[in-house]
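Working notes for the structure below.
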Amino acid sequence: MNILVCLKQILDPEMPSRDFRIDPAGRDADRQAAGLVMNIFCANALETALQFREKHGGKITVITVGAASAEEILRKALALRVDTAVLVKNDLVQRLNPWCVARVVAAAVRKLGDFDLVLTGRESGDWGDGQTGGLLAEELGRPCVSMVDDMKIDASKPSLVQLKRQTDQGWEAIEATTPLVITVTNNEHNVPRIAKTRDVMQAFRQPITTWSLVDLGVDTQSVTDDLASTEVVELTIPKKQSHCEFVTGDSLEERISKLAQRILTIVQS
Amino acid sequence: MASVVVSCIFGWTGVDRAAMGVLGAGQRLSRDLAGGHVGLIVGPASEALIGEVAKCVDRIAVVEHPLLDTYHSETTLTALTQACKHLDPHTVLFGNDLPCQELVPRLAHRLGGSAAGDALSLKGQNETVRLTRSVYGGKAQATIDLHRSPAIIWVRARAQDPALPQAPTKDIIRVPVSLEQNSSIKLMDRQKEMQGTARLEDARVIISGGRGLGGPEPFTQLQSLANVVGGQMAASRAACDAGWVPADWQVGQTGKKVSPQLYLAIAVSGASQHIMGIADAKTIAAINVDPEAPIFQHCQFGLVEDYRKVVGPLREKLIELLA
Ligand SMILES: Cc1cc2nc3c(=O)[nH]c(=O)nc-3n(C[C@H](O)[C@H](O)[C@H](O)COP(=O)(O)OP(=O)(O)OC[C@H]3O[C@@H](n4cnc5c(N)ncnc54)[C@H](O)[C@@H]3O)c2cc1C
Ligand SMILES: Nc1ncnc2c1ncn2[C@@H]1O[C@H](COP(=O)(O)O)[C@@H](O)[C@H]1O
C-alpha cells in the first residue's frame with residue numbers, strides 16, 4: 001500500500017510553562033522561546049506507518065507544509081527510512097490554519113498520485129485544532145477514521161484494513177476499504193522509535209522534493225479566505241491562582257494523618 | 001428566525017450533563033445574536049428526550065432514520081449536512097465526545113463554514129461568534145472570532161452552565177434525510193473499558209497516578225486507596241503510554257476533562273497538558289517527591305514525599321478515620 005503521512009513542526013510542547021512567551025503582535029507564541037520539534041501525534045502516525053510497512057510492505061511518503069525550518073522533521077523521518085519526503089514551502093503567510101493545510105496537502109496528493117492511506121496526527125500540540133485530518137478527508141472526498149492506534153491487514157481480506165481506534169469508553173475495531181484518511185493517536189505500541197546514527201547521517205544526503213504553493217497550483221485567494229475565516233483576536237497567558245499549602249508535621253505519621261483529614265473533609269462534604 | 005443557533009443532541013446519548021451544557025451554551029448564544037435556538041435531535045428521539053429538549057429551545061428539529069439508530073461517522077455526517085442545509089443555521093454547537101469532535105470540521109467543510117473545538121466560553125457579537133479556547137497545551141488562552149458562517153463548534157460541554165428552563169416549545173418539525181448504507185467503514189467489535197458504571201467525567205473523587213510510580217503494580221495500591229474514599233482511577237499520558245493502565249484512564253489535553261471535588265495526583269509532574277484536563281477540579285492535591293514539581297502550583301494542598309512511604313499508611317489512616 002501507498003501511505004502518506006502528514007507531519008507538522010511545532011514549538012516544543014514540553015517546554016516549561018515559565019519559558020513560554022507571546023510574540024509582540026500578541027497573536028501567536030514566540031517561536032524563539034524553545035526548540036522546534038515534530039508534533040508528537042505526527043510521530044505516532046509515522047511509527048504506525050513504519051510498523052505497517054514492516055508487516056505488509058508498501059511505500060511511505062511524508063509531507064509537511066511549513067517554513068524552511070520544517071526540513072528538519074523531514075530529515076528525521078528520512079532517518080527512520082521513509083521512502084520519499086516532500087516539503088511544501090509556505091511563502092504566503094506565517095501561520096496556516098488547518099483549512100489551508102488541508103487544501104495544500106490535497107493539491108500535493110493530486111500531484112503525487114494516489115495514496116491508499118493518508119495519515120495525520122489527531123491534533124497538533126500547539127494550536128490543538130484537531131481539524132486537518134477531517135478536512136483533508138473532505139478535500140479528497142474520502143471517508144475518515146479518527147483516533148486510530150493500530151492498523152493492519154488480515155491476510156484473508158487483503159483489500160481491507162483492520163483498524164483499532166480509541167473511543168470515549170474503550171476501543172472499537174473497524175474494517176475499512178481504501179482509499180482512506182486516518183487520524184492517529186498514541187498508545188503503548190506506537191511510541192516513536194529512535195533512528196540509528198548511521199541512518200541519521202544518511203538522511204542528510206537524501207533528496208527532498210520541495211514545492212511552493214504556486215507549484216501546486218493552489219488558489220491563493222482561497223488560502224487567504226481560509227485564513228480570514230478564523231481570526232485570533234488575542235492570546236494571553238493565564239494566571240495561576242492557587243497557593244499550595246504543604247502538609248507539615250514533625251513525623252511522617254503526623255503528616256499522613258493531616259493529609260488524611262484534609263482528604264476526608266472534602267470526600268465527606 | 002434570524003441567526004439560528006442549533007444545539008445538536010444525539011438520540012443515542014440522550015440529555016446528560018454534557019447535553020445540558022450544549023443546550024445552555026446554545027440558549028445564551030442565541031440570545032446574544034437575537035436569534036432562535038433550535039434543538040436538533042439526531043437519531044432515536046423518544047417522547048421523553050423531546051420533552052427534555054423542549055424546555056431549552058424555541059424549536060425542535062428531529063432527524064430520524066433507520067440508519068441513524070447508532071452512530072456511524074459517514075452516515076451521521078451526511079444526515080447532519082442535510083439537516084443543516086434545511087435549517088440554515090448561523091452556528092451549530094456540539095458536545096465534546098468523540099463523535100462530535102470528529103464530525104465538526106467535516107460538517108463545517110461540507111457547509112462552507114468555519115470550525116473550532118474545545119470552546120470554553122462563547123459570545124455572539126454582531127454577526128460573529130467569539131470563543132475562547134486553551135492552546136499551546138494550556139500555556140495560553142486564545143480568543144478567536146469565527147467570521148465564516150455557519151460556525152460549527154464543539155464546546156467543553158460539562159464546563160458550560162446548563163440551560164435555564166423555558167416554556168416548553170410545541171414547535172417540533174421533522175427533517176427528512178435521504179441516506180444510504182455506508183459499507184466502506186464497518187464496525188466489527190467494540191469494547192467498553194469503563195471502570196464500573198460511572199464516567200470519569202462525573203466522578204466526585206479521582207486518584208491519579210503518573211510516571212513516577214515506576215510501573216503497573218503501584219496502581220493496584222492506588223486503586224485500593226481509591227476504593228476507601230469511593231474514588232475512581234486516572235493517569236497521566238506517560239503512565240498510559242507505558243502500558244501500565246488503559247488509554248482511557250488518561251486525563252489531560254488529549255484525555256478526559258474531569259471536574260471532581262478532589263483530584264489527588266500521585267507521582268504526576270503536572271505538565272500543562274495534564275493540567276488542562278483538571279482545570280475544572282474543585283480541589284487539586286498532590287503527593288510528589290519533588291517540591292519544585294509544577295503540579296504544586298495548581299494544588300490547594302500537597303505532601304512532598306516518596307509515594308511508597310505514603311500510600312499504604314494513608315489508606316490505613318483513612319480507614320481508621322472513617323470507622
Ligand atoms: C500534544 C500533547 C498532548 C498531551 N496530552 C497529555 C494528556 O492529555 N495528559 C497527560 O497527562 N499528558 C499529556 N501530554 C504529556 C505531558 O506533556 C507530559 O509529558 C506528561 O503529562 C508527563 O507525565 P507524568 O507527570 O506522569 O511524568 P513525569 O513528567 O515524568 O513526572 C513524574 C513525576 O513523578 C515524581 N516522582 C518520581 N518518583 C516519585 C516517587 N517515588 N514518589 C513521588 N513522586 C515521584 C517526579 O518528581 C515527577 O514529578 C501531552 C503532550 C503533548 C505534546
Ligand atoms: N503544516 C502542516 N503540514 C503537514 N501536516 C500538518 C500540518 N498541520 C497539521 N498537519 C497534520 O494534521 C494533524 C492535526 O493537526 P491540527 O489539525 O492542526 O491539530 C497533524 O498531526 C499533522 O499530521
Side-chain angles (χ1 to χ4, degrees), chain A residues 13-14 17 20 22 29 98 122-123 125-131 134-135 137-138 143-147 166-177 186-188 191 228-238 240 242 244-247 252 255-257 259-264 266-267, chain B residues 73-74 97-98 101-102 105-106 109-110 114-115 117 135-137 139-148 184-194 205 229 241-243 247-248 253-254 261-262 271-273 283 294 296-305 309-310 313-314 317-318 321:
Chain A
E14 306 247 2
S17 297
F20 185 85
I22 309 246
R122 66 179 275 186
E123 69 183 63
D126 50 5
W127 283 83
D129 286 305
Q131 295 187 27
L135 294 173
E138 293 306 310
C144 181
V145 181
S146 68
M147 297 288 283
Q166 292 177 18
T167 64
D168 294 316
Q169 274 93 40
W171 53 263
E172 286 176 356
I174 283 170
E175 194 171 270
T177 48
N186 61 298
N187 79 355
E188 64 201 270
V191 176
S229 71
T230 310
E231 183 193 355
V232 178
V233 186
E234 197 186 17
L235 193 67
T236 54
I237 299 180
K240 295 186 195 73
S242 93
C244 180
E245 206 181 299
F246 286 104
V247 177
L252 179 59
R255 285 183 286 149
I256 288 175
S257 170
L259 182 65
Q261 277 158 15
R262 291 209 64 161
I263 290 172
L264 277 191
I266 299 169
V267 171
Chain B
S73 58
E74 308 302 312
D97 57 13
L98 172 61
Q101 295 193 22
E102 64 184 12
R106 299 182 70 192
H109 192 279
R110 289 193 186 184
S114 51
V135 296
Y136 283 95
K139 294 186 180 81
Q141 188 167 65
T143 305
I144 290 168
D145 281 353
L146 295 182
H147 294 296
R148 198 158 64 190
S184 65
I185 292 177
K186 256 201 232 146
L187 179 65
M188 308 301 284
D189 192 9
R190 148 185 296 159
Q191 223 220 318
K192 296 202 170 208
E193 286 175 4
M194 273 170 77
V205 177
V229 290
D241 272 2
D248 62 346
Q253 177 188 354
T254 49
Q261 295 297 307
L262 175 66
S272 63
Q273 293 88 357
T283 306
F296 287 125
Q297 291 167 21
H298 305 270
C299 282
Q300 273 79 62
F301 60 95
L303 176 62
V304 180
E305 191 57 75
K309 296 195 204 140
V310 179
L314 177 61
K317 192 75 204 173
L318 286 166
L321 291 171

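So you know, we letter chains A, B, ... as the sequences are listed, proteins then strands, and number each from 1. All heavy atoms count here, side chains included; hydrogens, waters and symmetry mates do not. Note that the structure is predicted; figures quoted are calculated from it, not measured.
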With a 4.5 angstrom heavy-atom cut-off, is it the side chain or the backbone of [X] that approaches chain B, or both, or neither?
| X | answer |
| --- | --- |
| A/Asn187 | backbone |
| A/Ala137 | side chain |
| A/Val191 | side chain |
| A/Glu123 | side chain |
| A/Leu252 | side chain |

Could you give the distance from [atom1] ([X]) to [atom2] ([Y]), rounded to the nearest 0.5 Å?
| X | Y | atom1 | atom2 | result |
| --- | --- | --- | --- | --- |
| B/Gln141 | A/Leu235 | CD | CG | 9.0 Å |
| B/Leu321 | A/Leu264 | CG | CG | 5.5 Å |
| A/Glu175 | B/Ile185 | CD | CD1 | 11.5 Å |
| B/Asp145 | A/Ser229 | CG | OG | 11.5 Å |
| A/Arg255 | B/Lys309 | CZ | NZ | 8.5 Å |
| A/Ile263 | B/Lys317 | CD1 | NZ | 12.5 Å |

Pick from [options] with the largest number of heavy-atom pairs that fall under 4.5 Å of chain A:
| options | result |
| --- | --- |
| B/Val135, B/Val205, B/Asp241 | B/Asp241 |
| B/Arg110, B/Glu305, B/Gln273 | B/Arg110 |
| B/Ser114, B/Ala142, B/Ser184 | B/Ser184 |

Checklist entry - Excluding sequence neighbours, so at least two apart, what forms salt bridge (Lys or Arg N to Asp or Glu O under 4.0 Å) with A/Glu188? => result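 Result, salt bridge (Lys or Arg N to Asp or Glu O under 4.0 Å) vs A/Glu188: none returned.
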
Checklist entry - salt bridge (Lys or Arg N to Asp or Glu O under 4.0 Å) with B/Asp97: which residues, sequence neighbours excluded? => result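 None.
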
Contact between [X] and [Y] at the side-chain level, heavy atoms closer than 4.5 Å - yes or no?
| X | Y | answer |
| --- | --- | --- |
| A/Val232 | B/Thr143 | no |
| A/Val267 | B/Leu318 | no |
| B/Asp189 | A/Trp171 | yes |

Give, as side chain, backbone, both or neither, the part of [X] having an atom under 4.5 angstrom from any heavy atom of chain A.
| X | answer |
| --- | --- |
| B/Ser73 | side chain |
| B/Val304 | both |
| B/Ala242 | backbone |
| B/Glu74 | side chain |

Closest contact, heavy atoms only, [X] versus [Y]:
| X | Y | answer |
| --- | --- | --- |
| A/Thr167 | B/Leu98 | CA-CD2, 3.8 Å |
| A/Ser17 | B/Ser272 | OG-CB, 4.0 Å |
| A/Val247 | B/Leu303 | O-CD1, 4.0 Å |
| B/Pro313 | A/Ile256 | CB-CD1, 3.8 Å |
| B/Pro105 | A/Leu135 | O-CD2, 3.3 Å |
| A/Ile237 | B/Lys139 | CG2-O, 3.8 Å |

Contact leader toward chain B among [options], where contacts are heavy-atom pairs under 4.5 Å:
| options | value |
| --- | --- |
| A/Cys144, A/Ala29, A/Pro98 | A/Cys144 |
| A/Met147, A/Glu245, A/Glu231 | A/Glu231 |
| A/Glu172, A/Glu138, A/Gln131, A/Glu234 | A/Glu138 |
| A/Gly128, A/Gly134, A/Pro143 | A/Pro143 |

Item to check | Residue pair A/Val233, B/Ile144: steps toward the side-chain contact (heavy atoms from CB on, under 4.5 Å) verdict | outcome: CA-CA 5 Å; A/Val233 186; B/Ile144 290 168; 5.9 Å; no

Checklist entry - Has the side chain of B/Gln101 got a donor or acceptor atom that lies under 3.5 Å from a matching backbone atom of A/Gly130? => result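 Not confirmed, B/Gln101 side chain does not pair with A/Gly130 backbone.
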
Checklist entry - Does the A/Gln166 side chain pair with the main chain of B/Ala247, one donor and one acceptor, at a distance under 3.5 Å? => result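 Not a single qualifying donor-acceptor pair exists.
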
Next on the checklist: Angle between ring planes, B/Tyr136 versus A/Phe20, binned at 30° and 60°: parallel, tilted or perpendicular?
Outcome noted: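 The arrangement is tilted - the two ring planes meet at 30° to 60°.
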
